[in-house]
Each structure stands twice: as structure tokens, then as C-alpha cells.
Amino acid sequence: MNNLIQFLQKNFHYLLFIILQIICIIFIYNSLNYPRFQLSTAGKVITGPFYQARYNFTKHFNFEIENQNLVEQNIKLLREYEQNFITTKDTLISVNSALSNEKKTRVYDYLYAHVIHNTIHKKNNYLIIDKGSIHGIEEDMAVLCPEGVVGVVNDVSTHFASIISLLHSDSRISAKVYPANQLGNIIWEEGNPETAYLLDIPQHININKGDSVFTSGYSYVFPKDILIGTVQEKKTNSKSSFLKIKIKLSVNFSQLNTVYLVKNLYKTELDSLQSNFKNE
Amino acid sequence: MNNIVLRNISRFLLLLFIQIFICNYVHLLGFINPYIYIFALLLLPLTIPKSAQYLIAFATGFIVDIFAMTYGIHASASLVVIFIRPYVISALTVGKNKETQTTVPVPGQKDFKWLLIYTLILVFTHHFLITMMELFTFRRFWITIGTTLLNTIFTTFVILSIQYIFTPTKKRG
């Protein structure tokens, strides 16, 4: 008996090794079937907070790629908007088009760019974006951002383009105010980068604070129904028969980053029509 | 003595942290996944009772297991590494005096060749066991051996780099 105890004391570590290995084997064996789920749920209670902490730290490394993906997805969704198309209905119903006699023609296409330079406090404000003619940017393209209208492309170089911001004394955008559904023009006056003015609305039109102002789509630079801002204040002028309406712009121009550029696919056609007007 | 204990504990915690949060996500070329926590086991002082060494190895492996969701595999491999470690050391120190056997294997006390062979043998054993237990099959055995070898070389390289970077130069001798 004494010998046995001595033997065990001397070789206890071998015994422990074997016991621990058996425990391991039991674990491995069990992890092959049902108890695996039990163990892993118990494990997740412990490991969850650690993974959460790691994710909170590492998520910042992927923002660039994630942003890129989101922008590309946005472009895809923007292209699907109803106002990008002209829908024509054939009056003749042919046998082939029995299912649908609607024909959709794309008018607007979208590109994206990042703002690399931006001013808001000058009299005439410009933006510069990181894409130019080799990326397909052209003059007079409309510039939007997720919150609304930003401006119009002014000048294009090979890799960059400058944009006349809405905050520019020459900018003039055809707009519609809802629910009155009345056409007007947006201008900006030096001073406040958060507000602009809606002109050419007759006095008798009923406009309330909080009414939304959208693009009209008549200029064919901007697609229809893009938000510009909301009515903030209505000024009546006894000399003029038109209202001057102060508008709170929906875009925060100091925080512009990604912008979307709108390309009118029929621009040359429309331009030639307009030049005919001028000649007459 | 106290200092050595503290250093070992902090080394274990640091290596486990690196293993769990960084190395488990490293997949070089798709299959090289270094298990550098084994470095802490390699540096475990030989003066600790063997039973305690086994328990430490088991606990270390099991913590890695919990995070990798491979219950028991790392624990088992770590145990084997600790089990064969004294035999590897005695086999490598043939002809030298017994005194060197009881010290911790760091660059100051052993030359580079000794450390390289010591690390290679133990890391290979560890990686091989893990790969075999994970796959649980002898199919494509030589491919498994090949990837294990590459993984071993990478882990050994990392371990020796750490060892030589963080050992003070005056100790190297």
C-alpha cells in the first residue's frame, strides 16, 4: 500500500497528463454533435463582449471600403428612380407587346465624386471634386447630395471639376413649391449659407411655413422632385406683385463629402433645340 | 522569484491576447495561421512542478479553444507539447552539464541553433496535432503535412523574432 502511494506521488504528473488528455478528447468528441451547440452558446456569452470590443476597434479600418460600397449601391438605386425615365405609351397595341405597351427611355444617368475643396462664406462659392473629364464629367451636369441639390458643374479638367455651388450669386434653379404646386426660381444672397430665396411666386398663392420646395425638372439639368429646402419665412413687398420667400436649405454645405452628378443623356439634342429659339 | 511569476503571467496574458484578437484572423495565403500563444508554453520555467505545467498548458489551450470554437483541440495539443518538452530538451543537450537543463530556454542561455531546433520540433508537434484533430482524417495526408510545415516555419520565425527583439543585448552573450 505504501509503495503504491509512493508510486502515485512520484508519477502523479503522468496521471494528470492522461486525465487532462481524456478531458480534451471528451470535449473534442462532444463538439462533434449536439453538446457542441450547448457549449458554443455558453462560450458566446463569455466571448461575445470580447468580439464586440474587437469589432468596435477594427470597424474603423473598413470604413473606406464600406463607404465605397454604399456609394455604389446608392448610384444603383438612384438610377432606378421613376423621374429618370420618360415613359411613352404606344396607342397601337401590337401582338408582340401584348404584355406591356409602355416604353421607358432613360434620360438621366448618375456618377459620383468626392468633394475635395469647398467654400461657403464667400460671395460666390465653388466646390472642387476629385473627378474630371476622363471619368465622364461634363459641363452643366447637375450635382446632388443625399440631402438635396448642391449645384451645377462649371468647368472640367482632366482629373478634377469645379462646381458652382447653390451658394453663388449667379445660381438660379427652377423650383416648385408644394403643395401649392407653383413654379418659381431659387436664388442665393450673400451671407447665410443655410438659407436661399424663392422668387417669382405671385402674391395670391397660399404658402405656409414648412412647405417643401423641389426642383421642377423643367431645366433638364436637374431631375424632377429633388428636395431643395423648406419654406422658412414669407415676405410681402407692396411694390412687387411677387413674394420673396426665405427657404431653409436642406443641404448642409459645410459637411459635403460625397456628391452625385446627374448626366442628361439628351443634353445635345435639347441644347440644339434651345439654340433654335434664340436664333429666331 | 515573484518577478519571474509576474513576468510569466503577463507574458501568457499578452500572447493570449495577441492570439485571440490578431493571429486568429491572420490567414496568409489562405492557410498559414500562426499559433503564437505556444511561445508562452515554450518559455515556461522548467523548475515548476510538472503537474502545474500540465494544468497551465491545459488552461491556456482551453482559453484559445473557447475563442476559436474548437473545444479541446488546442488544449490537447498544448498538453502534448508540455509533455514532450523535457525529453526534447534532454535530447538536445547531450554532453552538456545538467545545470543548463533547468534554466529557461532564452537567447542568453542557448545559442541560435539550439533554440531553432527546440522551437521547430515543439511547434511542429503542436501544429501537426491541431491540424490532424481538426481535419480528423488521413486523406490528403501529405498536403496536410506540407501546409503544417509552412505554418510551423512561419510561427517559428515569428517566435524567434520576438525572442531576439525583446531580449536585452547584454544577455545574449
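Order of the sequence lines fixes the chain letters, A, B, ..., with proteins taken first and strands second; residue numbering starts at 1 for each chain.
Heavy-atom distances place both the backbone and the side chain of A/F50 under 4.5 Å from chain B. Neither the backbone nor the side chain of B/F17 comes within contact range of chain A; no heavy atoms are under 4.5 Å apart. Residue B/I82 does not touch chain A at all, counting heavy-atom pairs closer than 4.5 Å.
The environment of A/K224 atom NZ is sparse: at most 12 non-hydrogen atoms of other residues, nucleotides or ligands sit within 6.0 angstrom. Residue A/F57 qualifies as open at atom CZ: its count of foreign heavy atoms under 6.0 Å is 12 or below. More than 12 heavy atoms of other residues, nucleotides or ligands sit less than 6.0 Å from atom NZ of A/K59. Heavy atoms from other residues, nucleotides or ligands lying under 6.0 Å from CZ of A/F63 number more than 12. Enclosure of atom CZ in A/F7 is not indicated, since only 12 or fewer non-hydrogen atoms of other residues, nucleotides or ligands lie within 6.0 angstrom. Residue B/F141 qualifies as enclosed at atom CZ: its count of foreign heavy atoms under 6.0 Å is above 12.
Distance alone, capped at 3.5 Å, places no donor-acceptor pair between the A/Q21 side chain and the B/L79 backbone.
Ring geometry for A/Y14 against B/F83 counts as perpendicular: the plane angle is over 60°, on a 0 to 90° scale with 30° as the lower cut. Ring-plane geometry between A/Y51 and B/F67 is classed as perpendicular, the angle between the planes exceeding 60 degrees on a 0 to 90 degree scale with a lower cut at 30.
How far CZ of A/F27 is from CD1 of B/I73: 12.5 Å, rounded to the nearest 0.5 Å. Atom CD1 of A/I23 and atom OG of B/S76 lie 11.5 Å apart (nearest 0.5 Å).
Considering every non-hydrogen atom in both A/F12 and B/S51, the closest pair reads CD2-OG, 3.2 Å. What you find for B/F21 and A/R54 is that their closest heavy atoms are O-NE, 2.8 Å.
With chain A as partner, the option from B/A75, B/A52, B/G72 having the largest number of non-hydrogen pairs under 4.5 angstrom is B/G72. Contacts with chain B were tallied for A/L16, A/I25, A/T58, A/L15; A/L16 has the most, counting heavy-atom pairs under 4.5 Å.
A/C24 is listed as a side-chain neighbour of B/F58, based on a closest heavy-atom distance under 4.5 Å.
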